[in-house]
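Reviewing the structure listed below.
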There are 4 protein chains.
Amino acid sequence: MRVKDEKKRERLFDAAVKVFSRYGVEGSSIARIAREAGLSPATIYVYFASKDEMFEGLVLELGRRMSAAMLDGVEEAMAVREALERTWYNLVRYIVGEFEQYLLFELHRETRFFDPESYGRGRAYYTGLFELFRRGRADGSLAPELSDYALRAHLFAPAVRLAKHVVGGQLTLEEARLPDAFARCWRSVAP
Amino acid sequence: MRVKDEKKRERLFDAAVKVFSRYGVEGSSIARIAREAGLSPATIYVYFASKDEMFEGLVLELGRRMSAAMLDGVEEAMAVREALERTWYNLVRYIVGEFEQYLLFELHRETRFFDPESYGRGRAYYTGLFELFRRGRADGSLAPELSDYALRAHLFAPAVRLAKHVVGGQLTLEEARLPDAFARCWRSVAP
Amino acid sequence: MRVKDEKKRERLFDAAVKVFSRYGVEGSSIARIAREAGLSPATIYVYFASKDEMFEGLVLELGRRMSAAMLDGVEEAMAVREALERTWYNLVRYIVGEFEQYLLFELHRETRFFDPESYGRGRAYYTGLFELFRRGRADGSLAPELSDYALRAHLFAPAVRLAKHVVGGQLTLEEARLPDAFARCWRSVAP
Amino acid sequence: MRVKDEKKRERLFDAAVKVFSRYGVEGSSIARIAREAGLSPATIYVYFASKDEMFEGLVLELGRRMSAAMLDGVEEAMAVREALERTWYNLVRYIVGEFEQYLLFELHRETRFFDPESYGRGRAYYTGLFELFRRGRADGSLAPELSDYALRAHLFAPAVRLAKHVVGGQLTLEEARLPDAFARCWRSVAP
DNA sequence: TATGAATGAGCCTTCATTCAT
DNA sequence: AATGAATGAAGGCTCATTCAT
């Protein structure tokens, strides 16, 4: 019984990500998601109270996944630069590998830009990252005058854009030459 | 016969940008846009053949505007760095000043990421910029191994993100300290 | 001025018959009729008060035309059989030659079957025919016990159906062998 | 789960026939049919994929019914004339008894006159009848030179028209004097 | 007179959600 | 728990008609 439920929930999750990211939230009908998951539309309401709640739950989960993906392999003992370089590569690979999920997540963030509650919840995903920033500022490897937001902008915004170009086919991963690209970003946040 | 009211067209444009950028394309109803513009829903169809065509027309116009805004004040005689710095500030100011328009434009680009025709049309907006890149590589002020896409990513992606944080209230324009921020971006694309 | 008006009215008439008979009354938009006639939709309202009135006017005119076509070449002096034979052929040729008009007329009659006022108006088209029936009953060439309706049914209903089959391509005019076909109908109304 | 209510389907069928036959296909709105059936408009789409499909489905069923009604009580052993006389009466009674259904069926046939596919499908309803024609030609009771279409025109077209006049109130069933009327039709197809 | 602009009303259809089994 | 049936609300769009020139 329990196993079956979990499987269904997972199937539902995957189907929702797939459909939402393909057609947008408003463009995706519960019926389509249900069909994709091999369920009846009514069954979805056993697991989620509403379409919006499903979407919110999805995004929450996506945030967790992305956050975890970025910090994968990062250890306490690493130097700040080494750790950030690792998250940088992780992010690029996550976007390239799970583009649908990433786009869905980003779409959500852009859409709710002005909603402070949602924004605050979003911050949680970056605590690990921000901790690295704190350490970097403390040990002199990062410019102390740059805020978390500024650091993230300088370090990671180019990564996101490069990754998107890889997905869009305008660049290949080799052309992106990750270490050099990271080095350039790093240069822009040095003290 | 009654004559087409130019004011009406403009009201419609503004209303559509506002509503589309707030709720997304699928999430925006013709009725809502009409209400926002103070028109009857049917009247919209005097100006646009369909909702999709309206959206496409809007985005085309927005692209023109953004492109023009970025190149405002840029002269042939300027040094590459000076010119790019100007476009950089222009972009930040455009995003901050016309955030709805920018968001709508970006929404379109993200959504049609994989549509090559749409992508090609999008490139047209950046020819002025890419010409500057060419000159910069030629005169040694830009790293010659960086492609147009890479240059844009390193130089402008942080600008976009910083501007968004200003709009979102996480940063003020002063905190963003534009010249320093630009200098950091510039550093990341130096040879 | 006058000439121009008449031409427009005629163009409008022809366009309306064409469009109505092709798409049905409800399926035909004023805009389409206007386009077909090379006019603006608004101009139609100079000539007709409403779509329904236009349709009614059309049907009236069509009734007149069909009535005149049926009686074409019929003379007072003719024997009843000769006269009816003539109207019989005339009817077949009218349906085959002006099928669109005929269908439109018939459609109207079927649709308003229960409307007595409309039905009464329709009777007017047949006064010439019914006069022939009266003479035929009087001179013994037609069965006196058959009412106008019955006579029309036995004599003309087969003609209509045969004509339709010619139009539909299931019969050619030769196969229909008009004189024999009429003779058979005639046989069925003999005393 | 809730189970499909067979009563509902029937109510829908009757309502659709009623409304379609009164206002035509284009003139009938889904909302009106739903109201007539005591359902929500959306419920109609549980039973039919679209308005057009509903109409086609209806007509198919109507054709089956009319066909069955005409051949009711006809036996292999009957003489051709006896069998045809029976179908003749059956047809008149069907039209008088189920006028709405008949009108709708006819409406469809007239409207799709030129569509061969639809026409072919329509022929299926008459195979039983045409088989009687074949036998009649073979045993010398019907004029051998008359095609199926011609026979049907001479025999049945008057029946249809008489029945319509009964429905319209211009004739009563007695006035129509069925046996005499049939005898007249029969006379017109004799060899 | 003639007409493009404008619109209220309505249409077909979809959809998120609830119901009943 | 699971689901097909049912539906109120809404959506995009069309259209007959009127307006204003």
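- Distance CZ (R9(B)) to C1' (dA6(E)): 14 Å, rounded to an integer number of Å.
- Between dC12(E), dC13(F), dG4(E), one nucleotide has an atom nearer to the side chain of K51(D) than all others, and that is dC12(E).
- The interatomic distance linking R11(D) (CZ) with dA6(F) (P) rounds to 10 Å, in whole Å.
- Open room surrounds CZ on R32(B); 12 or fewer heavy atoms of other groups in view lie less than 6.0 Å from it.
- Considering all non-hydrogen atoms of both residues, S21(A) and K18(A) come closest at OG-O, 3.2 Å.
- dC15(F) atom P lies 12 Å from atom CD of E26(C), rounded to whole Å.
- The pair E106(B)-K164(B) counts as a salt bridge, with a side-chain nitrogen and a carboxylate oxygen less than 4.0 angstrom apart.
- Listed for the K51(A) side chain is a donor-acceptor partner under 3.5 Å among the backbone atoms of V25(A).
- A close approach under 4.0 Å does not occur between any side-chain nitrogen or oxygen of S29(D) and OP1 or OP2 of dG10(E).
- Phosphate contact (OP1/OP2 of dT3(F), side-chain N/O of Y45(A), threshold under 4.0 Å): absent.
- Crowding of E61(B) atom CD: a count of heavy atoms from other residues, nucleotides or ligands under 6.0 Å exceeding 12.
- Within the nucleic acid shown, F48(B) has no heavy atom closer than 4.0 Å to any nucleic acid atom.
- Dashed line: the shortest gap from a side-chain N or O of K8(B) to OP1 or OP2 of dA6(E) is under 4.0 Å.
- In this entry the distance linking CZ of R35(D) with P of dC11(E) reads 8 Å, nearest Å.
- Counting heavy atoms from C-beta outward, V17(A) and F105(A) have side chains that stay 4.5 Å or more apart.
- Atom CZ of R32(D) is separated from atom C1' of dT13(E) by 19 Å (rounded to the nearest Å).
- Across every strand in view, dA6(F) sits in a pair with dT17(E) that passes the Watson-Crick or G-U test at under 3.5 angstrom.
- Distance, K7(A) NZ to dA2(F) P: 13 Å, rounded to whole Å.
- For the OP1/OP2 pair of dT3(F) and a distance below 4.0 Å, the side-chain nitrogens and oxygens of T43(A) include at least one atom meeting the criterion.
- Listed nucleotides: dA5(F), dT17(E), dT3(F). Nearest to the side chain of V46(A): dT3(F).
- Remark: P of dC11(E) and CD1 of I44(D) are 12 Å apart, rounded to the nearest angstrom.
- Phosphate contact (OP1/OP2 of dA6(F), side-chain N/O of Y47(D), threshold under 4.0 Å): present.
- The interatomic distance linking F55(C) (CZ) with dA16(F) (P) rounds to 14 Å, in whole Å.
- Nucleotide dC12(E) has dG11(F) as its partner under the Watson-Crick or G-U criteria, with both atom distances under 3.5 Å.
- Of the two residues contacting DNA chain F, namely P41(A) and P41(D), the nearest-nucleotide position lying further toward the 5' end is that of P41(A).
- Proximity note for A42(A) (side chain, C-beta onward) versus dT13(E), dC19(E), dT17(F): the nearest is dC19(E).
- Comparing A31(A) and S28(D) by the nucleotide of DNA chain E that holds the closest heavy atom to each, the one mapping nearer the 5' end is S28(D).
- Across all strands shown, dA1(F) forms no Watson-Crick or G-U wobble pair with both distances under 3.5 Å.
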